[in-house]
Colleague: 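Below are the structure tokens for one structure; questions will follow.
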Amino acid sequence: MKRLALTLVALLLAAPAQADTLVDNVNGITLDKDGKVVRFTGMVIGTDGKVKQLLDRKDKRPERPDFKEDGKGRTLIPGMIDAHGHLMGLGLSLMLLDLSDTRSLAEAQAAIKKYADENPELPWIIGRGWNQEKWGLGRFPTAADLDAVVPDRPVWLERVDGHAGWANSAAMTAAKITAATKAPEGGRIEMTDGKPAGVFVDAAVALIDSAKPKPLARDLDRAFLAAQQQLLAQGITAIADMGTTIQEWQAYRRAGDKHQLAIRILSYGGDIDNMALIAGPGPTPWLYDDKLRMVGVKLYLDGALGSRGAWLKAPYADAPGQKGLPLLTPAQLRNKMVRASMDKFQVAIHAIGDAANAEALDAITDLTADLPGERRWRIEHAQIVDPADIPRFAKLGVIASMQPIHQPSDRLMAEARLGPERLKGAYAWRSMENAGVRLAFGSDVPVESANPFPGIAAAISRTDAQGQPFGGWHPEEAVSRETALDGFTRSAAYAAFAEDRLGTLMPGMRADFLIVDTDLLLASPEDIRKMVPLETWIGGYRYYKKGG
């Protein structure tokens with residue numbers, strides 16, 4: 001981690017300070033404030049880190065810029081804004097056991113045993129990323145599956161979507177879980193023969209979480225630097241951090257105080273308590289030269305599709321007795337929304353199932369008339385929406401904060417969970433756009449990689465990394481390249497009340513941009529999927545150079 005910090009400092013020193021910069025000889029692409037494509041061949045950046053001027057081929061260049069960068073004909077695009085991620089979750093996942101690449105239970109068991117053997121000093125084995133659907137297991141894993149490889153220490157592994165956890169017997173003993181333990185409201189304990197089987201869903205996750213060791217401040221500092229380094233390499237210049245805790249906010253502030261904060265963090269507090277602890281009477285001002293701001297609050301209304309916690313209007317096709325779990329009562333949801341909105345915090349509601357999305361829209365309908373002003377209500381994920389509810393998003397001015405990469409990842413699972421007739425409102429980007437809904441795109445990192453380019457490829461093709469299915473899954477829901485770019489830039493900024501400074505490269509905006517080797521608006525989905533940033537600039541400073 002020392003190397004990460006030193007690399008960051010070195011990059012800062014290498015960038016021009018308090019000097020006009022000319023980035024020339026580029027295939028420049030940006031969107032203007034109305035979302036129209038603007039092309040340019042040069043860009044002048046002022047001493048304040050903002051775009052001063054965009055230059056066409058015929059325009060005269062500054063005669064003596066303080067610093068000149070030759071783009072060598074490569075493509076320059078705005079920096080990518082991840083409209084929904086979990087920054088510290090990414091950082092911690094880079095430090096803990098990661099099972100996201102495992103393809104079977106046996107492969108996961110081997111990885112868990114290897115990690116435990118290599119880390120005998122750890123009191124708990126903690127990790128994430130398992131996915132029983134990817135394993136083709138046909139069931140949830142059990143405590144016995146973990147006991148077979150690590151019987152002597154607690155093991156606690158978060159599911160890939162963060163909405164379920166897998167414990168061994170030692171972890172359940174440490175948390176005092178018995179056959180008599182009741183699941184909290186909004187949670188579920190998977191049972192076998194009348195005993196906890198080892199998997200805890202949604203609110204029940206807290207039963208084990210409360211017993212595991214908490215990361216120390218220095219752990220969070222290391223995790224942040226690791227996450228930041230990865231995001232810079234992937235072309236993410238800003239991220240909406242969904243569910244920030246007071247401990248995480250303090251880590252971001254420490255990074256800012258030490259001049260180690262490079263990316264821009266648009267923070268949404270983890271429920272009302274963290275929102276109030278962090279920001280107090282209202283959203284914070286922009287801190288550290290527009291690098292950090294608490295904008296609003298993140299509320300959870302349901303769980304995830306993979307763990308059958310998403311709240312549906314009709315039972316799951318593959319589990320007829322289950323409809324998922326509402327995590328808040330109607331009164332609780334509305335009370336939290338009013339509490340946040342009264343102090344001008346923006347409200348972002350996690351809603352995946354069609355029942356959860358309908359309830360979120362109902363709550364917004366109930367409150368809008370009594371809460372004047374521009375609220376910019378956000379619904380996070382909006383994965384399964386009753387087609388009849390889609391026009392309500394536009395009518396209420398609700399932003400659909402969606403993650404295109406979820407569609408290829410979830411395709412087969414969604415078909416199994418819902419059946420063919422209920423897929424018409426699933427991952428329905430084009431239907432949302434046609435209805436006049438503002439789309440903000442992100443990744444939900446670390447549930448998925450933060451790499452925005454596979455997300456853009458999925459948005460325009462509805463295919464996975466192997467180009468499957470041929471022709472795209474429900475291809476009528478694909479969007480244009482311009483819409484996909486907008487979702488990861490201009491509209492992602494708008495979704496966080498940051499459009500006055502981020503999201504485009506028009507004059508007066510922050511000079512956050514990438515140098516890439518592919519024209520995003522002309523390339524095939526396959527070529528877009530392979531794109532990697534050659535350079536990442538934030539505020540006119542180059543923070544990352546591939547191979548540098």
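Bear in mind the structure is a predicted one, so any value in this text is a computation, not a measurement.
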Colleague: Find the distance between CG (Leu327) and CG (Asp202) and round it off to the nearest 0.5 Å.
Modeller: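 Between atom CG of Leu327 and atom CG of Asp202 there are 5.0 Å.
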Colleague: Surrounding CD of Gln250 (heavy atoms of other residues, nucleotides or ligands, distance under 6.0 Å), is the total greater than 12?
Modeller: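 More than 12 within 6.0 Å, yes.
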Colleague: Within this structure, what is the OG-CH2 distance for the pair Ser341 and Trp377, rounded to the nearest 0.5 Å?
Modeller: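 That separation rounds to 3.5 Å.
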Colleague: Between atom OG1 of Thr237 and atom OH of Tyr543, what is the distance when rounded to the nearest 0.5 Å?
Modeller: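 So the OG1 of Thr237 and the OH of Tyr543 are separated by 11.5 Å.
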Colleague: Under a 4.5 Å cut-off applied to non-hydrogen side-chain atoms, are Asp444 and His381 in contact?
Modeller: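 They are in side-chain contact.
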Colleague: For Gln229 and Tyr544, test the side chains for any donor-to-acceptor distance below 3.5 angstrom and give the result as yes or no.
Modeller: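 No - no donor-acceptor pair under 3.5 Å links their side chains.
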Colleague: Is it the case that the side chain of Glu359 and the backbone of Leu333 share a donor-acceptor pair, with hydrogens and angles ignored and the cut-off at 3.5 Å?
Modeller: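 Not confirmed, Glu359 side chain does not pair with Leu333 backbone.
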Colleague: Are the side chains of Trp130 and Ile112 in touch, meaning some heavy atoms are under 4.5 Å apart?
Modeller: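 When only atoms from C-beta onward are counted, Ile112 and Trp130 do not touch, as no gap falls below 4.5 Å.
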Colleague: So how far is it from Leu96 CG to Trp124 CH2, rounded to the nearest 0.5 Å?
Modeller: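 Answer rounded to 0.5 Å: 13.0 Å.
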Colleague: So His350 and Tyr300, would you call those rings parallel, tilted or perpendicular, with 30° and 60° as cut-offs?
Modeller: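 Taking Tyr300 first and then His350, their aromatic rings sit tilted (interplane angle of 30° to 60°).
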Colleague: Please check: side-chain N/O of Asn335 versus main-chain N/O of Ala331, any donor-acceptor pairing under 3.5 Å?
Modeller: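 Yes, the answer is positive, given that a donor and an acceptor are paired below the 3.5 Å cut-off.
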Colleague: Mind running side-chain contact (heavy atoms from CB on, under 4.5 Å) on Asp82 and Leu231 for me, showing each step along the way?
Modeller: CA-CA 10 Å; Asp82 191 321; Leu231 293 175; 5.8 Å; no
Colleague: Between Phe453 and Gln234, is any pair of side-chain heavy atoms under 4.5 Å apart?
Modeller: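 The answer is no, as the side chains (C-beta and beyond) never meet within the 4.5 Å cut-off.
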Colleague: Kindly say whether Met294 contributes a backbone atom to a donor-acceptor pair with the side chain of Thr284 at under 3.5 angstrom?
Modeller: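 Between the backbone of Met294 and the side chain of Thr284 there is a qualifying donor-acceptor contact (under 3.5 Å).
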Colleague: Would you mind reporting whether Thr504 and Glu499 have side-chain heavy atoms less than 4.5 Å apart?
Modeller: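 With C-beta onward as the side chain, the pair stays apart.
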Colleague: Give a yes or no answer on whether the side chain of Arg375 reaches the backbone of Ile364 with a donor-acceptor pair at less than 3.5 Å.
Modeller: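 No, Arg375 side chain to Ile364 backbone: no donor-acceptor pair under 3.5 Å.
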Colleague: With the side chain counted from C-beta on, respond yes when Leu520 and Phe488 share a heavy-atom pair under 4.5 Å apart, and no when they do not.
Modeller: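 No, too far: nothing below the 4.5 Å cut-off.
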Colleague: Any heavy-atom pair between the side chains of Leu87 and Glu248 that's under 4.5 Å?
Modeller: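 Result no, sub-4.5 Å side-chain heavy-atom pair not found.
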Colleague: Donor-acceptor check, side chain of Asp512 to backbone of Gly539, threshold 3.5 angstrom: yes or no?
Modeller: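 Yes, Asp512 side chain to Gly539 backbone: donor-acceptor pair under 3.5 Å.
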Colleague: Closest approach of Gly79 and Thr489, non-hydrogen atoms and distance?
Modeller: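 It is O-CG2, 3.7 Å.
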Colleague: Measuring only between side-chain heavy atoms, which start at C-beta, is Ser443 closer than 4.5 Å to Ile239?
Modeller: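 SC-SC contact between Ser443 and Ile239 ruled out.
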Colleague: What closest approach, in Å, do Asp370 and Pro372 show between heavy atoms, and which atom pair accounts for it?
Modeller: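 Looking at all heavy atoms of both residues, the closest pair is O-CD, 3.4 Å.
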Colleague: Do Asp161 and Arg159 meet the salt-bridge criterion of a basic N to acidic O distance under 4.0 Å?
Modeller: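 The answer is yes: the pair qualifies as a salt bridge.
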Colleague: Would a distance-only check, ignoring hydrogens and angles, find a side-chain to backbone donor-acceptor pair under 3.5 Å from Asp32 to Asp34?
Modeller: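 Judged by distance alone, yes, a pair lies under 3.5 Å.
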Colleague: Taking Asp302 for the side chain and Gly353 for the main chain, is one N or O donor matched with an acceptor at less than 3.5 Å?
Modeller: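 It does hold such a pair.
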Colleague: Just wondering, do Gln403 and Glu448 contact through their side chains at under 4.5 Å, heavy atoms?
Modeller: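 In short, these two side chains do not touch, never coming nearer than 4.5 Å.
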Colleague: So which atom in Tyr115 and which in Met95 form the shortest heavy-atom distance, rounded to 0.1 Å?
Modeller: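 Nearest heavy atoms, Tyr115 then Met95: OH-O, 4.0 Å.
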Colleague: Would you verify whether the NZ or CZ of Arg293 falls within 45 degrees of the ring axis of Phe497 while also being under 6.0 Å from that six-membered ring's centre?
Modeller: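 Judged by the rule, Arg293 and Phe497 form no cation-pi pair.
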Colleague: For Lys530, is the NZ atom crowded, meaning more than 12 foreign heavy atoms sit under 6.0 Å from it?
Modeller: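 No, because the 6.0 Å sphere around NZ of Lys530 holds 12 heavy atoms or fewer from other groups.
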Colleague: Can you tell me which residue among Lys298, Gln346, His84 is in a side chain to side chain donor-acceptor pair (under 3.5 Å) with Tyr268?
Modeller: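 The residue from Lys298, Gln346, His84 that satisfies side chain to side chain donor-acceptor pair (under 3.5 Å) with Tyr268 turns out to be Gln346.
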Colleague: Sub-3.5 Å donor-acceptor pair from the side chain of Ser307 to the main-chain atoms of Val201, do we have one?
Modeller: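 Answer holds: no.
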Colleague: About how many Å separate CZ of Arg510 and CD1 of Ile45, when rounded to the nearest 0.5 Å?
Modeller: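 Spacing of CD1 (Ile45) from CZ (Arg510) equals 11.5 Å.
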Colleague: Start with the C-alpha distance between Glu482 and Arg490, add both sets of side-chain angles, then the distance that settles salt bridge (charged side-chain N to carboxylate O under 4.0 Å, His left out), and finish with yes or no.
Modeller: CA-CA 11 Å; Glu482 290 81 4; Arg490 187 183 71 109; over 6 Å; no
Colleague: Kindly give the heavy-atom pair with the smallest separation between Ile236 and Ala450, and that separation in Å.
Modeller: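 Between these two residues, the closest heavy atoms are CD1-O, 3.6 Å.
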Colleague: Looking at every heavy atom in both Pro213 and Ile126, which two are closest together, and how far apart are they?
Modeller: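 Shortest heavy-atom contact: CD-CD1, 4.3 Å.
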Colleague: Verify whether one side chain among Gln383 and Asp410 offers a donor that lies under 3.5 Å from an acceptor in the other.
Modeller: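 Yes, side-chain donor-acceptor contact under 3.5 Å.
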Colleague: Identify the two heavy atoms, one from Val445 and one from Leu90, that lie closest to each other, and give their separation to 0.1 Å.
Modeller: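 Of all heavy-atom pairs spanning Val445 and Leu90, the closest is CG2-CD1, 3.9 Å.
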Colleague: Does NZ in Lys344 sit with more than 12 non-hydrogen atoms of other residues, nucleotides or ligands closer than 6.0 Å?
Modeller: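 No, NZ of Lys344 has 12 or fewer neighbouring heavy atoms, counting only those of other groups under 6.0 Å.
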Colleague: Without hydrogens or angle criteria, can the side chains of Ser491 and Arg438 be said to hold a donor-acceptor pair below 3.5 Å?
Modeller: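 The answer is yes; a qualifying pair exists.
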Colleague: Can a donor-acceptor pair be found, under 3.5 Å and without considering hydrogens, that links the side chain of Ser409 to the backbone of His406?
Modeller: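 Answer holds: no.
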Colleague: How are the rings of Trp537 and Phe513 set relative to one another: parallel (under 30°), tilted (30 to 60°) or perpendicular (over 60°)?
Modeller: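 Taking Phe513 first and then Trp537, their aromatic rings lie parallel (interplane angle under 30°).
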Colleague: Main chain of Ile208, side chain of Trp156: is a donor-acceptor contact present, judged purely on distance under 3.5 Å?
Modeller: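 Not confirmed, Trp156 side chain does not pair with Ile208 backbone.
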Colleague: Can you tell me how far the CD atom of Gln230 sits from the CG atom of Asn451, to the nearest 0.5 Å?
Modeller: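 Taking CD in Gln230 and CG in Asn451, the distance rounds to 9.5 Å.
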